[in-house]
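The structure appears right after this line, and notes come after that.
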There are 2 protein chains.
Amino acid sequence: MCKRLRSVRGMPRDTLTREQIVRTAVELLDAEGLEGLNMRALGQRLGSAATAVYWHVQNKDNLVLLATDHVWGELALPDLEAVGWRTAATAMATDLYAMFIRHPWLVQALAAHVLYGEGKARHDDHSFAVYEAAGFTGARADQAAAAVFTYVLGNAAGAAATASLTRRLTRDGAIAEEHFQAAMAEAQQIAMGYPHLRARLETPAATEYTAAADKAFEFGLHALLDGLEQQIAA
Amino acid sequence: MCKRLRSVRGMPRDTLTREQIVRTAVELLDAEGLEGLNMRALGQRLGSAATAVYWHVQNKDNLVLLATDHVWGELALPDLEAVGWRTAATAMATDLYAMFIRHPWLVQALAAHVLYGEGKARHDDHSFAVYEAAGFTGARADQAAAAVFTYVLGNAAGAAATASLTRRLTRDGAIAEEHFQAAMAEAQQIAMGYPHLRARLETPAATEYTAAADKAFEFGLHALLDGLEQQIAA
DNA sequence: CAACTTACTTGAACTAAGTACAAGTCGAGG
DNA sequence: CCTCGACTTGTACTTAGTTCAAGTAAGTTG
């Protein structure tokens, strides 16, 4: 949207930078999702031709990779000495989850490409430290960290799917809303054919379930950390 | 690849069916991944024009959705009475994980779209039954089932990314191999800048870590189920 | 200061892929 | 035999990733 400032006399020309491109790409990704990111739109937002980006970045895949690693930097690393491993672990997982919610496209990116950069390394290192502090040694600490990470990632996948749906709904308006209602009705129809799902739909406390869904992340995280704690004791 | 048989005199014309299209789409997805699926290739594999598919299926998104629900049917539902909840839960999770490994594109599809169909409903229903049998009631059973499901899904995301990489490597040959080696070297470079990651790389038992990575899924699953078991007791 | 070089930008153009559409083909029923 | 409805096809439009040759602006050198 915002055109870059034209250079003032005597100043170096105001060119694009990789940093700026990546930041703008993240903005676009947040707003439009992974399939909403395209080079022409990015160019427009940068106030330059779409193809100008290619001087700074190999290709779109590479750009997504850079964007992915960029957002990793947003994560805070709790002070392990101050709070103890379990609090630190919970904080990191919750923080990570929040980041995935802020950037739902991330999950898709992670499922599509193996990626490793500065930001992820920084996070991994601290994560590893946390589970070592918990009492896991060597490869075991790795497994524990991986378990929590994948748990968070899996939770985020659901959220990403919902985010994509919501975006479509708000973008396409009434037509999409109708489709959505129809899909919901069909889903309900299907669910009624299975005893447990049916019971869930028919319980008077149906709202209890939607409330519980919001708490599902914390619940599972808690259970997982409990389980890990138990492994240490054994 | 295989052209459909031309009709024999007097027999009904041999036309495409939704079933056949979906099955072929799954084949293609397994072989080429989500981004490798395209309508022209699908048409070719079906022995028909790419656009013929559109008579049977709304659009590509819809096709992926159908494919997704189709593979859900592959899952076995363990007999809860016979084996007890924990064994059943482990079996279901492991089976689910194996399915994700067989169909790595599934994870990407799930992260991109909210989807609900017959196959998923069937699985959800049984899963719910398992956690009710474990002692969770109502929304709690839901949360427990969701926790395990998302854990498996998160694990699968990593596998999906690796699968995509492997496919690219085998497809693009030596050029990609070089890229890959370079990326690995860079990753190692980065890791050396962080104390714990560095220690991991420098330990003489480095192979222990790769071996542990394969067992990470079981390890985390075990911990998670332990944690859930503990919740019931409380 | 002019020529040159390097660093970037641009517009045009090629390609792949999703999909609409009009026209065709085939089997069945009247 | 005619025709209707089910299905298929080829053409073509569109969007999006990417390449490339040509352009332009700062800085550098003679």
*First encountered from the 5' end of DNA chain C, between B:N38 and A:R40*: A:R40
*So, the side chain of B:K60 versus the backbone of B:L37: is there a donor-acceptor pair under 3.5 Å, distance only?*
yes
*asked:* Regarding B:L63, tell me which of base, sugar-phosphate or nothing describes its non-hydrogen contacts under 4.0 Å with the strands shown.
replied: nothing
*Hey, can you tell me if B:F217 and B:Y151 have their rings parallel, tilted or perpendicular (30° and 60° cut-offs)?*
parallel
*asked:* Nearest to the side chain of B:A49, heavy atoms from C-beta on, is which of C:dT9, D:dG10, D:dG17?
replied: D:dG10
_Spacing of B:E32 atom CD relative to C:dA17 atom C1', expressed in whole Å_ = 15 Å
*asked:* Regarding B:E118 and A:Y194, do their side chains bring together a donor and an acceptor under 3.5 Å, going by distance alone?
replied: yes
_Go nucleotide by nucleotide along DNA chain C from the 5' end; which of B:Q58 and A:A52 gets its closest nucleotide reached first?_
A:A52
*asked:* What is the separation between atom NZ on B:K60 and atom P on D:dT14, rounded to the nearest whole Å?
replied: 21 Å
*asked:* Within the 4.0 Å heavy-atom criterion, would you say B:L37 contacts the bases, only the backbone, or no part of the nucleic acid?
replied: sugar-phosphate
*Can you tell me the distance, in whole Å, between the OH atom of A:Y54 and the P atom of D:dC20?*
13 Å
*Please tell me which of the listed nucleotides, C:dT10, C:dC8, D:dT8, lies nearest to the side chain of B:L16?*
D:dT8
_What is the separation between atom CE on B:M39 and atom P on C:dA17, rounded to the nearest whole Å?_
12 Å
*Ion pair present between B:R23 and B:E19, side-chain N to carboxylate O less than 4.0 angstrom?*
yes
*Return the value, rounded to whole Å, for the distance between atom CG of B:L34 and atom P of C:dG18.*
10 Å
*Measure from CG on B:N62 to P on C:dA20 and round the result to the nearest Å.*
12 Å
*Give a yes/no on whether any side-chain N or O of B:H56 is located under 4.0 angstrom from OP1 or OP2 of D:dA6.*
no
*Ignoring hydrogens and angles, does a donor from either the side chain of A:T51 or the base of C:dG11 sit under 3.5 Å from an acceptor on the other?*
yes
*Figure out the CD/C1' separation between B:Q44 and D:dT8, and round it to whole Å.*
17 Å
*A:E35 CD to D:dT15 P: how many Å, rounded?*
17 Å
*Please determine which of A:D142, A:D124, A:D125 meets the side-chain hydrogen bond (donor to acceptor under 3.5 Å, both in side chains) test together with B:R200.*
A:D142
